[in-house]
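Heads up, the thing below is written out as structure tokens.
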Amino acid sequence: ALLKKLNVTASKPVDQHSHAAKAHNDAFDKGQVVSLLAEAGSASHPFFGRLRRDNYDNVIKNLLGDPRPDPILIPVVLTDDSMPAIANDYQSAASSLQRICNACSLLLQQRQMIKNAPAFAASASQYALTTTLPAPNLDPKYCFWRKSPMRRETQVYLLFLIRRLCRIYAASTACVQQSRGLIAIRSITFATATCIADAICRVEATDDPSPFCLHYSGNNEGPTQPFGLKAGSFESLASNLPIYDPRYCSLRSQSLDYLRGISLKQDGSKRPTIFNFDQSLTPRKGDITLIEQLSIQLALPRPYPPSNEKSLKRTARLMAGTNGSIIEVLPEVEYFRDIVFYFKHSVSGKAPTPESTNDEHTWHPSDATLKWKVQPVSAED
């Protein structure tokens, strides 16, 4: 069969590599192969030319693609001699938080080039929340955040920075090795941030007081009363966990005393509390009452005739932000809500990351952003 006439041609023209050096006037030059017998020195495989790659360098370049440019390492500054270790006024507190947030963001974004970047970011953000920012006091005369006049823009900006730092701290601690000691310190850090945010929310701004802050602190006109926050599982969680730093033991006691103080009246009775996410994600009585008071002052439409089911759905939408009538007007509500949620989740006993996630997953601050939505729990709720 090989001796028969082959009516096929090579994909490339015949050249010196596939044809003998002789006069090119034989049958092969005419595209006919009648026999595999060839003269001495001629090629035994006339179709070898199709395997050639004359542009070998270009083929390799196309397969490899364009070379990836070298990464640009942005230097990260964690120490600043111009800033005090402990904030002495609102301006230094905001400036320190802003610089630490920017440095921690650079660390987490460049963790592939900076060794132990998540540990550095967690340590810096933890130091800022527990040391740089002074702890609040129940007495306004001795509280750093309430004894001096504060403008509305400073109040909102501080809450925004604390929320941002809590987000960074949640992402960075999820990237380091988990331990019982880390759970204790993380819950204390978030508790301290919540207490500081609570004290800021009880400030009556000198220029444009926030309606939310007035209602939350009980300083609003009318038959209103202050609201508080519950410590929840924080009272029993850290008592069974190892805490080796005496400073964090002191912070835990201060945070517990503060949270108990704002949730109890002078006669020992309980105040209405809000944001009890550790008990239920469904709005409770204190949330509904606060939203009802804000709706009256902001002239928001209320369901009529009133019913518990309609009030519950409306409160859930306003708190989650799906109905932005309050969140857009009062952004401090959103910041304070997220800060409290980070604290409540840290003492809930749940893992900070999904169980199906790889332990070596790269977490960024954007992954710790809280996204709220409203959905029915059941057909009746």
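Keep in mind the model is a prediction, meaning the values are calculated, not measured. What's counted below: heavy atoms across the whole structure, side chains too, no hydrogens, waters or symmetry copies.
- Under the salt bridge (Lys or Arg N to Asp or Glu O under 4.0 Å) criterion, Asp207 pairs with Arg151, not counting sequence neighbours.
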Which pairs would a plain distance check flag for residues 140-150, meaning a side-chain donor or acceptor within less than 3.5 Å of a matching protein atom at least two apart in sequence or in another chain?
| unit_1 | atom_1 | unit_2 | atom_2 | d |
| --- | --- | --- | --- | --- |
| Trp145 | NE1 | Pro134 | O | 2.9 |

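- Judged by distance alone, the side chains of Ser250 and Gln254 do bring a donor and an acceptor atom under 3.5 Å apart.
- Arg99 meets the salt bridge (Lys or Arg N to Asp or Glu O under 4.0 Å) test with Asp80; sequence neighbours excluded.
- Tyr248 meets the ring-ring contact (aromatic ring centres under 6.0 Å, His included) test with no other residue; sequence neighbours excluded.
- Taking a cutoff of 4.0 Å between a charged side-chain nitrogen and a carboxylate oxygen, Asp257 and Arg260 qualify as a salt bridge.
- Remark: Tyr169 pairs with Phe190 by the ring-ring contact (aromatic ring centres under 6.0 Å, His included) rule, at least two apart or across chains.
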Which donor-acceptor pairs under 3.5 Å do the side chains of residues 217-227 make with protein atoms, sequence neighbours left out?
| unit_1 | atom_1 | unit_2 | atom_2 | d |
| --- | --- | --- | --- | --- |
| Ser217 | OG | Cys213 | O | 2.7 |
| Ser217 | OG | Leu214 | O | 3.4 |
| Ser217 | OG | Asn219 | ND2 | 3.0 |
| Asn220 | ND2 | His215 | NE2 | 3.4 |
| Thr224 | OG1 | Asn220 | O | 3.4 |
| Gln225 | OE1 | Lys265 | NZ | 3.3 |

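- As a member of the Ile/Leu/Val/Met/Phe/Trp/Tyr network built from side-chain separations under 4.5 Å, Val374 groups with nothing else and remains a singleton.
- Annotation: salt bridge (Lys or Arg N to Asp or Glu O under 4.0 Å) contacts of Asp367 (sequence neighbours excluded): none.
- Qualifying salt bridge (Lys or Arg N to Asp or Glu O under 4.0 Å) partners for Arg302, counting only residues two or more places apart in sequence or in other chains: Glu292.
- Applying the side chain to side chain donor-acceptor pair (under 3.5 Å) test to Thr154 and every residue at least two apart in sequence or in another chain returns nothing.
- Note that the OG atom of Ser123 and the CG atom of Leu78 stand 8.5 Å from one another [nearest 0.5 Å].
- For residues 318-344, the pairs satisfying side chain to side chain donor-acceptor pair (under 3.5 Å) are Arg152-Glu332, Arg163-Asp338, Ser210-Glu332, Asn323-Ser325, Asp338-Trp372, with sequence neighbours left out.
- Each side chain to side chain donor-acceptor pair (under 3.5 Å) pair with one or both residues in residues 59-70, not counting sequence neighbours, would appear here, but there are none.
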